[in-house]
Amino acid sequence: MDQTSSPLNLDLAAQNERLQLALQAAEVGTWDYNLLTGQAEWSVICKQLFGLPPDAVVSAAILLEQVHPDDRERVGSTNARTLRSLGNSEHDVTFRTLNSQGVLRWVQAKGKTFCDEQGKVIRFSGIVQDVTQYVMAREHIQRSEEQYRSLSNELEKHVQQRTVLLNEANRDLKRSNDNLAQFAYIASHDLQEPLRKIQSFGSLLAERYRAVLGDEGSDLLNRLTVSGNRMSILIRDLLAFSRITTQQVALMSVSLNQTLLNVMDTLSHSLEESQAEIVVEELPDVQGDRQQLEQLFQNLLSNAIKFRSADTHPRIQIKSQQVKASDLPENLYPARQTASYYCISVSDDGIGFDEKYRDRIFQVFQRLHGKQKFAGTGIGLALCEKVVINHGGAITANSQPGQGATFDVYLPC
């Protein structure tokens, strides 16, 4: 039997063929260099990765010429060091090849040396594969990481700058609040006291010297008294607004049912005088400041009583419902985001207003009606909005002239 056709040799040949097919499928080139015979074998894929045609006659020097000029010295030194080593050693180097058409390719060569009994290298074999995509991906990741670090540094600097500005703004806000507190003290003491004297002296003059003053003098004195009263109310409302602006909300569970009873007791004279009818549904308990919430409903009810049609008895309806955040009216943005809100509606059948003034009515000193017809300072609804914002909610209004108005207060559940 021919030794070359023995089962063992046939099996080895089959295994070698399968190995070559696997290497071709993986696009992996191979080389084998016998230092004793000087014979070298370079696979077709190996030649292709170095930019050479399949039928090219190849030597180590020719392959080195295909290496990118910037990598050539490094690759040559690595190869020489591997071949000079004593004992079996591993070889691993990544570099660029550049063919005659200028096509650049990153390749990785991994090999191993085999030595004789004296430790001298007699054979050098290995594989070479295209790692261009891997290298480019790694470089992309490195660039991304560098960009990320750069952006992070910029962001950190920006945050630090914003923190400085925020601290300055907080100091300015504290100074502003201190000034408002000082103003509140002046309004409650230094302004009110001389105003009370003016009102008192005006009343004394009207009582004791009415005959001497005559009709014209009495009319002027009466105007002085009325202006003094308006001034007193304005100072009182400004004081309330400044306190609401600077005061921290003392959160506790507040029964809106009880709050409304307290407000109705405070407004009992106005309710009796106007013969107002108030219809109240069950109201929820909320987390808030009892005093501020009483000011909120006192102003809403006062407005409903005040802005009524002539010779009519106002009818005020107050009701509540729970609303999901997703169902809030368009362009309504509560001060605090939560899953749902209580909507407390205060509706009246008064004179109403044109909805084009909806935003204006919540501004300080904004009035839609003359103060000769309807008394007031134009601060009440601005105070209402401030209270609602302090409680993390929002307030809006719906109305038509002559058809009453509805104020909807949204408070977090």
State the [atom1]-[atom2] distance between [X] and [Y], to the nearest 0.5 angstrom.
X      : Y      : atom1 : atom2 : answer
Ile305 : Ser270 : CD1   : OG    : 5.5 Å
Gln321 : Asp327 : CD    : CG    : 9.5 Å
Asp348 : Phe307 : CG    : CZ    : 10.0 Å
Glu73  : Leu64  : CD    : CG    : 10.5 Å
Gln66  : Leu52  : CD    : CG    : 4.5 Å
Arg336 : Asn390 : CZ    : CG    : 11.0 Å

**Item:** side-chain contact (heavy atoms from CB on, under 4.5 Å) between Tyr333 and Leu328, intermediate numbers included
**Value:** CA-CA 8 Å; Tyr333 306 104; Leu328 289 175; over 6 Å; no
Hey, does the side chain of [X] reach the backbone of [Y] with a donor-acceptor pair shorter than 3.5 angstrom?
X      : Y      : answer
Ser85  : Thr82  : yes
Arg308 : His313 : no
Lys47  : Val58  : no
His68  : Phe95  : no
Asn257 : Leu283 : yes
Thr132 : Trp106 : yes

**Request:** Evaluate the criterion side-chain contact (heavy atoms from CB on, under 4.5 Å) for residue pair Val346 and Ile316; output intermediate values, then yes/no.
**Result:** CA-CA 7 Å; Val346 180; Ile316 305 168; 4.1 Å; yes
Just wondering, do [Y] and [X] contact through their side chains at under 4.5 Å, heavy atoms?
X      : Y      : answer
Gln295 : Leu383 : yes
Leu49  : Thr97  : no
Leu36  : Asp116 : no
Gln292 : Lys386 : no
Ile278 : Leu301 : yes
Cys384 : Leu300 : yes
Leu332 : Ile395 : no
Thr30  : Ser43  : yes

For the residue pair [X] and [Y], what are the closest heavy atoms and their distance?
X      : Y      : result
Asp349 : Pro314 : OD1-CA, 3.7 Å
Pro334 : Gly392 : CB-O, 3.8 Å
Trp42  : Ala60  : CZ2-N, 4.1 Å
Asn398 : Asp408 : ND2-OD2, 3.5 Å
Pro54  : Val44  : CB-CG1, 3.8 Å
Gly288 : Val254 : O-CG2, 3.4 Å

**Request:** Please list, chain by chain and in numerical order, all residues satisfying side chain to side chain contact (heavy atoms under 4.5 Å, CB included) with Leu35, sequence neighbours excluded.
**Result:**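 Counting only residues at least two positions away or on another chain, Leu35 forms a side chain to side chain contact (heavy atoms under 4.5 Å, CB included) with Tyr33, Leu83, Val121, Phe124.
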**Asked** Residues two or more places apart in sequence or in another chain: which of them pass side chain to side chain contact (heavy atoms under 4.5 Å, CB included) with Val103?
**Response**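 So Val103 forms a side chain to side chain contact (heavy atoms under 4.5 Å, CB included) with Asn99, Gln101.
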**Prompt:** Residues two or more places apart in sequence or in another chain: which of them pass ring-ring contact (aromatic ring centres under 6.0 Å, His included) with Tyr342?
**Reply:**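 Partners of Tyr342 under the ring-ring contact (aromatic ring centres under 6.0 Å, His included) test: none.
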Is atom [atom1] of [X] surrounded by more than 12 heavy atoms (other residues, nucleotides or ligands) closer than 6.0 Å?
X      : atom1 : result
Arg96  : CZ    : yes
Gln133 : CD    : no
Glu139 : CD    : yes

Contacts of [X] that satisfy salt bridge (Lys or Arg N to Asp or Glu O under 4.0 Å) - sequence neighbours left out:
X      : answer
Glu277 : Arg315
Asp130 : Arg105
Arg290 : Glu294

I'd like to check the side-chain hydrogen bond (donor to acceptor under 3.5 Å, both in side chains) partners of [X]; sequence neighbours left out, ordered by chain and number.
X      : answer
Ser59  : none
Ser125 : Asp32
Thr406 : Ser347
Ser320 : none

Under 3.5 Å, which donor-acceptor pairs link side chains of residues 159-169 to any protein atom two or more places apart or in another chain?
residue : atom : partner : partner atom : Å
Thr163  : OG1  : Val159  : O            : 2.6
Asn167  : ND2  : Thr163  : O            : 3.2

**Message:** Between His91 and Asn79, is the side-chain contact (heavy atoms from CB on, under 4.5 Å) condition met? List the steps.
**Reply:** CA-CA 8 Å; His91 176 80; Asn79 290 342; 3.1 Å; yes
**Request:** Could you give me the CA-CA distance, side-chain angles and deciding distance for Val135 and Gln108, then say whether side-chain contact (heavy atoms from CB on, under 4.5 Å) is met?
**Result:** CA-CA 10 Å; Val135 172; Gln108 183 181 28; over 6 Å; no
**Item:** Gln258 versus Asn262, side-chain donor and acceptor atoms under 3.5 Å
**Value:**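 Note: Asn262 and Gln258 side chains meet the donor-acceptor criterion.
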Output a table of donor-acceptor pairs, distance under 3.5 Å, between side-chain atoms of residues 146-154 and any protein atom two or more places apart or on a different chain; print 'none' if there are none.
residue : atom : partner : partner atom : Å
Ser152  : OG   : Tyr148  : O            : 2.8
Asn153  : ND2  : Arg149  : O            : 3.2

